[in-house]
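Single-structure report; data block below.
For the numbers below, each heavy atom of this structure counts, side chains included, while hydrogens, waters and symmetry mates do not. Below, read A as the first sequence line, B as the second, and so on, with proteins coming before strands; counting in each chain starts at 1.
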There are 2 protein chains.
Amino acid sequence: MKAKGLENQQKIVQSAADLFYQKGYNQTSFTEIANASGLPRGNFYYYFKTKDDILKAVVDARVEAIRGMIEQWQTLDKPPKQRLNLLLDLVLNEADDIVDHGCPLGTLSAELGKDQRLLQEKTLEMFDLLVSWVVDAFQALGCDEPYELGLHIMGRLQGISVMTHLYQNKPFLETEIQALKAWVDQL
Amino acid sequence: MKAKGLENQQKIVQSAADLFYQKGYNQTSFTEIANASGLPRGNFYYYFKTKDDILKAVVDARVEAIRGMIEQWQTLDKPPKQRLNLLLDLVLNEADDIVDHGCPLGTLSAELGKDQRLLQEKTLEMFDLLVSWVVDAFQALGCDEPYELGLHIMGRLQGISVMTHLYQNKPFLETEIQALKAWVDQL
DNA sequence: GTCTATAGAGGGATAGAC
DNA sequence: GTCTATCCCTCTATAGAC
């Protein structure tokens with residue numbers, strides 16, 4: 001049945017996404033994905049030829065999720081500074097996960113950047129969406145170098161995520177995000 | 001011979017340190033360390049009982065290197081702001097490596113933080129040394145919250161390293177470090 | 001102290017019955 | 001479209017000759 005197939009495919013992608021985030025891509029085995037999704041190991045070679053294909057599907061799903069989120073943000077029709085705050089609030093809401101596993105985008109990209117650059121390029125699609133969202137906001141604010149500012153704020157968020165994860169320090173994340181909000185506010 | 005043994009041990013630690021940085025800890029195999037160090041695979045179980053022990057030795061070596069660097073910095077007897085600049089210049093000098101492999105401290109800690117927290121704690125020794133170096137400088141400057149500022153600047157550097165690595169964007173690193181220098185200067 | 005050979009577990013991937 | 005059985009490879013780690 002086609003419908004059943006799609007369902008299983010989504011289960012695999014969802015389980016893999018969680019595990020890749022919690023354990024890292026290379027540290028996650030087929031066995032673990034199978035156990036988490038409730039499907040027998042051999043089965044999902046029917047859906048994905050290789051582990052890399054699973055990662056690509058995971059990234060595609062996350063790209064679509066981000067795209068959907070941004071589209072929803074756009075419907076809110078907020079002024080530029082509040083648009084930037086939407087991203088900052090997103091990080092604030094994910095604080096507990098960041099304490100435990102770091103940034104879902106950054107840690108995956110960083111892991112693959114070490115020696116799997118081809119796969120890493122795929123993960124940059126996730127970043128690019130957010131970068132262009134913040135760049136647009138800085139542009140709307142009439143800033144001189146919107147692209148540089150966009151990379152700057154994404155870098156700030158990555159740094160906050162790394163330190164929060166390393167020291168499992170949630171208060172640090174909260175005060176740093178507040179500081180970023182103040183910085184945005186006085187632009 | 002004891003001397004020969006120590007020499008081999010250092011060769012292993014050096015090769016492992018390079019590979020852990022370039023490929024990540026979990027992605028580096030004994031075979032690769034053996035090839036890089038020129039020693040046969042089985043041999044270095046004489047020096048290290050497990051792979052984890054090699055990592056600990058690698059971290060110990062790096063801790064000692066950082067400690068030595070900081071001691072040397074102290075002999076320079078510079079004013080606080082210039083002390084902070086020593087760290088910023090260090091990052092600037094490592095820009096090419098950061099483009100290729102990210103921050104040598106941060107990427108290792110982040111990898112192990114995912115699901116090898118016991119090992120990760122060991123790697124925090126490297127961070128703690130640098131954190132206390134910058135905290136001391138902020139304290140000497142009479143800043144209100146030196147510890148928070150110390151974590152802040154370390155986070156900024158981590159964020160810069162992550163983005164530089166992801167996008168292989170060296171100019172980004174250079175302008176961001178310059179911005180940090182300006183920020184330090186006007187404290 | 002140095003090296004070879006190999007054990008034992010677990011990884012990704014495949015073949016083929018149903 | 002679903003599942004079992006299994007292959008082959010690489011991994012860490014060990015045993016034991018020299």
Side-chain angles (χ1 to χ4, degrees), chain A residues 1-59 108 111-112 114-120 122-123, chain B residues 1-59 108 111-112 114-116 118-120 122:
Chain A
M1 227 175 290
K2 195 68 186 293
K4 188 73 171 300
L6 270 177
E7 208 177 283
N8 283 343
Q9 192 158 348
Q10 285 170 349
K11 251 190 284 187
I12 292 169
V13 169
Q14 189 55 54
S15 300
D18 292 345
L19 285 163
F20 291 168
Y21 178 38
Q22 291 158 15
K23 308 195 48 174
Y25 174 67
N26 291 298
Q27 285 297 99
T28 300
S29 70
F30 276 65
T31 305
E32 288 167 313
I33 303 174
N35 289 344
S37 64
L39 273 68
R41 259 179 303 296
N43 189 348
F44 52 88
Y45 279 95
Y46 172 73
Y47 299 106
F48 303 100
K49 299 218 187 313
T50 66
K51 194 182 176 185
D52 289 0
D53 286 338
I54 299 181
L55 178 70
K56 283 172 193 155
V58 165
V59 173
L108 184 61
E111 177 187 358
L112 300 173
K114 284 262 175 198
D115 67 334
Q116 292 159 104
R117 273 263 154 75
L118 277 172
L119 276 178
Q120 191 239 13
K122 175 82 189 164
T123 69
Chain B
M1 230 175 288
K2 196 65 186 294
K4 187 76 172 299
L6 270 177
E7 208 177 283
N8 282 343
Q9 192 158 345
Q10 285 171 349
K11 250 189 284 186
I12 293 169
V13 170
Q14 189 54 55
S15 300
D18 291 345
L19 285 163
F20 291 169
Y21 178 38
Q22 291 159 14
K23 307 195 52 176
Y25 173 68
N26 291 299
Q27 286 296 100
T28 300
S29 71
F30 276 63
T31 305
E32 289 168 312
I33 302 174
N35 289 344
S37 63
L39 272 68
R41 262 178 299 296
N43 190 347
F44 53 87
Y45 280 96
Y46 172 73
Y47 299 105
F48 303 101
K49 299 219 185 315
T50 66
K51 193 182 176 185
D52 289 0
D53 286 338
I54 298 181
L55 177 69
K56 284 172 192 154
V58 165
V59 174
L108 183 60
E111 177 187 358
L112 299 172
K114 284 262 176 197
D115 68 334
Q116 293 158 104
L118 278 172
L119 276 177
Q120 190 239 13
K122 175 82 190 163

Give every donor-acceptor pair under 3.5 Å between a side-chain atom in residues 34-41 of chain B and any protein atom, sequence neighbours left out.
{"from": "B/Ser37", "atom 1": "OG", "to": "B/Ile33", "atom 2": "O", "distance (Å)": "2.9"}
{"from": "B/Ser37", "atom 1": "OG", "to": "B/Ala34", "atom 2": "O", "distance (Å)": "3.3"}

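Contact check for A/Phe44 versus A/Asn8: no side-chain heavy atoms found under the 4.5 Å cut-off. B/Tyr21 has its side chain within reach of A/Lys114: a pair of non-hydrogen atoms, C-beta onward, lies under 4.5 Å apart.
In this structure, A/Ser15 contributes its side chain and A/Ile12 its backbone to no donor-acceptor pair below 3.5 Å. Remark: side-chain polar atoms of B/Lys51 are paired, donor with acceptor, to backbone N or O of B/Thr28 under 3.5 angstrom.
In terms of phosphate contacts, A/Tyr46 brings no side-chain nitrogen or oxygen within less than 4.0 Å of OP1 or OP2 of C/dT14. In this model, the phosphate group of D/dG1 is not approached by any side-chain N or O of A/Asn8 to a distance below 4.0 Å at OP1 or OP2.
As a whole-Å value, the separation of B/Leu39 CG from C/dT4 C1' is 14 Å. To the nearest angstrom, P of C/dC3 lies 14 Å from CG of B/Asn35. Residue A/Gln27 contributes atom CD, which lies 18 Å from atom P of D/dT10 at whole-angstrom precision. B/Glu7 has its CD atom 14 Å from the C1' atom of C/dT2, to the nearest Å. For A/Lys11 and D/dG1, the NZ to P distance is 15 Å, given to the nearest whole Å.
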Can you pull every protein N or O that's under 3.5 Å from an N or O on nucleotides 11-15 of chain D?
{"from": "D/dT12", "atom 1": "OP1", "to": "B/Thr28", "atom 2": "O", "distance (Å)": "3.3"}
{"from": "D/dT12", "atom 1": "OP1", "to": "B/Lys51", "atom 2": "NZ", "distance (Å)": "3.2"}
{"from": "D/dT12", "atom 1": "OP2", "to": "B/Phe30", "atom 2": "N", "distance (Å)": "2.8"}
{"from": "D/dA13", "atom 1": "OP2", "to": "B/Lys51", "atom 2": "N", "distance (Å)": "2.9"}
{"from": "D/dA13", "atom 1": "N7", "to": "B/Tyr45", "atom 2": "OH", "distance (Å)": "3.0"}

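Residues meeting the salt bridge (charged side-chain N to carboxylate O under 4.0 Å, His left out) test with A/Lys122, sequence neighbours left out: A/Asp60, A/Glu125. By the side chain to side chain contact (heavy atoms under 4.5 Å, CB included) test, B/Gln116 pairs with A/Gln27, B/Tyr25, B/Asn26, B/Leu112, B/Leu119, sequence neighbours left out.
Rounded to 10°, the angle separating the first-five-pair axis and the last-five-pair axis of the helix from C/dG1-D/dC18 to C/dC18-D/dG1 equals 10°.
A salt bridge (Lys or Arg N to Asp or Glu O under 4.0 Å) check over residues 26-38 of chain B, counting only residues at least two apart or in different chains, returns the pairs B/Lys23-B/Glu32.
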